[in-house]
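Because only heavy atoms are used, hydrogens play no part in the values below, and waters and symmetry mates are left out as well, while side chains stay in. As the structure is a computational prediction, the values presented were derived from the model and not from experiment.
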Amino acid sequence: MSESAPTAAETRRIAEEARDRVRFEEEALQLSDQVYRVARRLTGSREEAEDLVQDTYARAFRSWQQYQPGTNLRAWLLRIATNLNIDRGRRVQRAPDQTPLEEGDYYLYNRLESTMPDENPDEERVLDRLSQNAVVDALAEVPHDFRDVLVLVDIGEFSYAEAAQILDIPVGTVMSRLHRGRRILKQQLAEKAVTN
């Protein structure tokens, strides 16, 4: 049994599909910096953000035909990233807690730290309070639903409607979660400033 040669119409369809896929991949890769910035804020660490971006693009390239040309590609990619991050958060919540390190594990570090003189402890304390790490840590303490909206609207500078489309929730829910998320973040930052 021999296979027949593809017809001109089949050959044209295959070529058009290949061209569309290349165009999709080029447009998607141009948005990688923006996807990374949002992923960095969603996850809180560079390594997890890189993994999230890689997973996002792997899923996007696998299901590229589901994307509707002419619609917002950035929103489509960020929706994939957000959904993957939510899934990751659920896996982390189900995972058992790791055992904490004992104080003895930090003996040498604590000993070295106690022998070093403090040049200006007040200045260091103020800088620690204002550091970006404190903001990232406080943002990590905000529950996922609220953090996702904060990252998209306040950091990613998406409109309420775009954030609603990415998260697949009503605009009113975006506004509510944004308000509550900002309040939680403000409280976390205040607590970190007081304890430092």
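The shortest non-hydrogen separation linking Phe61 to Ala28 is CE2-CB, 4.1 Å. The minimum heavy-atom distance between Val53 and Ala39, with the atom names listed, is CG2-CB, 3.8 Å. When all heavy atoms of Gly89 and His144 are compared, the pair lying nearest together is CA-NE2, 3.5 Å. Closest of all the heavy-atom pairs between Leu77 and Thr56 is O-CG2, 3.5 Å. Closest non-hydrogen pair, Ala81 versus Leu52, comes out as O-CD1, 3.5 Å. In terms of heavy atoms, Ala163 sits closest to Val153 at CB-CG2, 3.8 Å.
In Gln34, the CD atom is crowded: over 12 heavy atoms of neighbouring residues, nucleotides or ligands sit closer than 6.0 Å. Surrounding CZ of Arg180 are at most 12 heavy atoms belonging to other residues, nucleotides or ligands under 6.0 Å away. Heavy atoms of other residues, nucleotides or ligands lying less than 6.0 angstrom from CZ of Arg21 number more than 12. The number of heavy atoms from other shown groups lying within 6.0 Å of CD (Gln66) does not exceed 12. More than 12 non-hydrogen atoms from other residues, nucleotides or ligands lie less than 6.0 angstrom from CZ of Arg74. For Glu47, the CD atom is densely surrounded, since the number of other residues' heavy atoms within 6.0 Å is greater than 12.
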side-chain contact (heavy atoms from CB on, under 4.5 Å), that's the test. Do Val35 and Tyr57 meet it? Break it down for me. CA-CA 10 Å; Val35 173; Tyr57 276 93; 3.9 Å; yes
Should Leu139 and Ile155 be marked as a side-chain contact (heavy atoms from CB on, under 4.5 Å) after you check the CA-CA gap, both sets of side-chain angles, and the distance that decides it? CA-CA 11 Å; Leu139 188 60; Ile155 298 170; 4.0 Å; yes
Kindly determine whether Asp168 and Arg79 satisfy side-chain contact (heavy atoms from CB on, under 4.5 Å), including the steps that lead there. CA-CA 8 Å; Asp168 197 25; Arg79 181 169 183 178; 3.0 Å; yes
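Salt bridge absent: Arg88 and Asp55 never bring a charged side-chain N and a carboxylate O closer than 4.0 Å.
Distance check: Glu50 CD to Thr43 OG1 gives 9.5 Å after rounding to the nearest 0.5 Å. To the nearest 0.5 Å, the span separating CG on Asp87 from CG on Leu84 amounts to 6.0 Å. Note: Arg19 CZ to Arg23 CZ = 5.0 Å, rounded to the nearest 0.5 Å. Atoms CZ and OG1, on Arg147 and Thr82 in that order, are 11.0 Å from each other to the nearest 0.5 Å. Rounded to the nearest 0.5 angstrom, Gln188 CD and Arg183 CZ are separated by 13.0 Å. Interatomic distance, CG of Asp20 versus OH of Tyr67, reported as 11.5 Å (0.5 Å rounding).
Checked by atom type and distance alone, the side chain of Thr173 never pairs as donor or acceptor with a backbone atom of Ile169 at under 3.5 Å. Formation of a donor-acceptor pair under 3.5 Å by the Glu48 side chain with backbone atoms of Ser45 is not found in this model. With hydrogens and angles disregarded, no donor-acceptor distance shorter than 3.5 Å links the side chain of Tyr160 to the backbone of Gly172. Between the Tyr36 side chain and the Leu31 main chain, no donor and acceptor come within less than 3.5 Å of each other.
Connection of Ile14 to Trp64 is not established within any shared hydrophobic cluster, with ILVMFWY side chains joined at heavy-atom distances below 4.5 Å, either directly or through further cluster members. Side-chain heavy atoms closer than 4.5 Å link hydrophobic residues (I, L, V, M, F, W, Y) into clusters, and following such links, even through other members, never connects Ile184 to Ile86.
The aromatic ring centres of Phe24 and Trp76 sit less than 6.0 Å apart.
Seen from the ring of Phe146, Arg182 does not count as a face-on cation partner, given the 6.0 Å and 45° thresholds.
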